[in-house]
Protein chains: 2
Amino acid sequence: MIRILIAEDQRMLASALTSLLNLEPDIRVLDCVSDGEAALARLQLGDIDVVLSDIEMPKMSGLELAARIKDAGNIACKVVIVTAFARAGFLRRALDAGVKAYLLKDAPSEKLADVIRTVHRGGRYIAPELLSDTWSEACPLSARERSVLALAGEGLSSEQIGAKLHLSTGTVRNYLSEAIGKMDAANRIEAHRLARERGWL
Amino acid sequence: MIRILIAEDQRMLASALTSLLNLEPDIRVLDCVSDGEAALARLQLGDIDVVLSDIEMPKMSGLELAARIKDAGNIACKVVIVTAFARAGFLRRALDAGVKAYLLKDAPSEKLADVIRTVHRGGRYIAPELLSDTWSEACPLSARERSVLALAGEGLSSEQIGAKLHLSTGTVRNYLSEAIGKMDAANRIEAHRLARERGWL
DNA sequence: AACGACACCTGACACCTGTCACCTGAAATC
DNA sequence: GATTTCAGGTGACAGGTGTCAGGTGTCGTT
């Protein structure tokens, strides 16, 4: 019997998947939680074989959850990411965090039980859409460039960004200029959009 | 027996809802489609009582689907919108298009069957999160302001926007200035973000 | 000790943005 | 026919943005 924890903030999907998976004779969903923190807490009981996790959740993302599980070392469960968005950076970070499977929400749902069994046997699975070259290119942005670009995308001015990050206005503009150049964009807005689309923020 | 069509591009959710709803004795899911056009075509058979539709789908959105059904006049089915985002403009447009129920994907899934029955009896249902004042305020932006703001959000300069919309650069800046003022934002980026969050784009 | 890599800062320049007062011409209203 | 209304435009101004050529101090390397 494979014991599952579902971490998913769309309750409708979570409960639907629960009833779907519980129809499988060898799978049992023990619990559903709606954010990463709750998932981490629930895992301490040690009775979970596979965590099914969304990425975008309140409090703690699925990627951070996976990283925490890896760092903790004492939690035996495997992590399966189920997400709506096919973003390169997400897959990369997921793999770095030791995630065993990464699949998309528009995959046929019969796939899910298969993937869970594969992972439980020690296997791996990556959504085929994500295996092309486009998706695997590394993020060229430095940590500073990323954080500056993220704030710029909220509409903050260079001065406001500098105040938040304890940098001078000129430095912020230099980082933004670098980022814009690397992304081959015309301005901060386009650079932010492109970086988001590629999962680099 | 209430006959259902599901229009939802996340196949995983669509099939999970199907199996969930088919457990109800008085509900039967006849078909699943993954975009608005396919839904409209399927409805021509005339055997559907209630359409369960997402908003964000390829080809034709759920809101446009609802509007088309209303305009056609000869299709008897009720429309239930099930969406992830709580955006004011969406709800408004949905109600204008004669939608009978509007609920969020993070509602408990038991709610779904209840809402379907309510709608089938001739009732209505709106997600309680959307009934507060914030969500029901009307969009203050003119059509021009909206389109200019949408392009500005892509990273286009005022000049490029003017070229696309056959307006002078100065006029584009005037519209943007108006929009920024109405949204109480500091610049075009923040104005675009706020407008998107409120479903006005 | 000398070296380069790195993070951060400065100043200057051309250009873009946001704002405002005001103009124009074509409806619509009176 | 005169007046208002409104989409669109112009020109000017302060301030923000993007770029570049430098500058400082701190690391590890060699």
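Here the structure is a predicted model, which is why all the values come from computation and not from measurement. All values below come from the heavy atoms of this structure, side chains included, with hydrogens, waters and symmetry mates left out. Within every chain, numbering begins at 1; the chains are lettered A, B, ... in the order of the sequence lines, protein sequences first and strands thereafter.
Two end axes, each from the C1' atoms of five base pairs, can be drawn for the helix from dA1(C)-dT30(D) to dC30(C)-dG1(D); they diverge by 20°, to 10 degrees.
Of the side-chain N and O atoms in R173(B), none sit less than 4.0 angstrom from OP1 or OP2 of dC16(C). Not one side-chain nitrogen or oxygen of R144(A) sits closer than 4.0 Å to the OP1 or OP2 atom of dA7(C). Side-chain N/O atoms of T171(A) include one lying less than 4.0 angstrom from OP1 or OP2 on dC9(C).
Protein atom OH of Y175(A) is 5 Å distant from nucleotide atom C1' of dA7(C), rounded to whole Å. For L151(B) and dT17(C), the CG to P distance is 13 Å, given to the nearest whole Å. The nearest whole Å value for the distance from the CG atom in L156(B) to the C1' atom in dC16(C) is 14 Å. For the pair D184(B) CG and dT19(C) P, the computed distance is 11 Å after rounding to whole Å. Between the CG atom of L165(A) and the P atom of dC9(C) there is a distance of 10 Å, given to the nearest Å. We find that CD of E190(B) is positioned 15 Å from C1' of dT17(C), with the value rounded to whole Å. The CD atom of E178(B) sits 18 Å away from the P atom of dT17(C) (whole-angstrom rounding). The distance from atom CD1 of I161(A) to atom P of dC8(C) is 14 Å, rounded to the nearest whole Å.
Here the side chains of T83(A) and D54(A) are in contact, with some heavy-atom distance below 4.5 Å. L151(A) has its side chain out of reach of Q160(A): every pair of non-hydrogen atoms, C-beta onward, lies at least 4.5 Å apart. For the pair V99(A) and R124(A), the minimum side-chain heavy-atom distance is 4.5 Å or more.
Along DNA chain D, the nucleotide nearest to T169(A) and the one nearest to N174(A) differ in position, and the one closer to the 5' end is contacted by T169(A). Both S158(A) and S168(B) lie near DNA chain D, and the one whose nearest nucleotide falls closer to the 5' end is S168(B).
A distance of 16.0 Å separates CZ of R193(B) from CZ of R188(B), quoted to the nearest 0.5 Å.
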- Task: Test salt bridge (charged side-chain N to carboxylate O under 4.0 Å, His left out) on R42(A) and D47(A) and set out the steps.
- Result: CA-CA 9 Å; R42(A) 178 61 182 79; D47(A) 58 348; 3.0 Å; yes
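Checked by atom type and distance alone, the side chain of S177(A) never pairs as donor or acceptor with a backbone atom of R173(A) at under 3.5 Å. In this structure, the side chain of K59(B) does not engage the main chain of M57(B) through any donor-acceptor pair within 3.5 Å.
Each of D49(B), I2(B), D26(B) was checked for a side-chain contact (heavy atoms from CB on, under 4.5 Å) with I116(B), and the lone residue meeting it is I2(B).
When DNA chain D is scanned in the 5' to 3' direction for atoms under 4.0 Å from non-hydrogen atoms of chain A, the outermost contacting nucleotides are dT17(D) to dC20(D).
Take S168(B) and apply the side chain to side chain donor-acceptor pair (under 3.5 Å) test, not counting sequence neighbours, and it matches T171(B).
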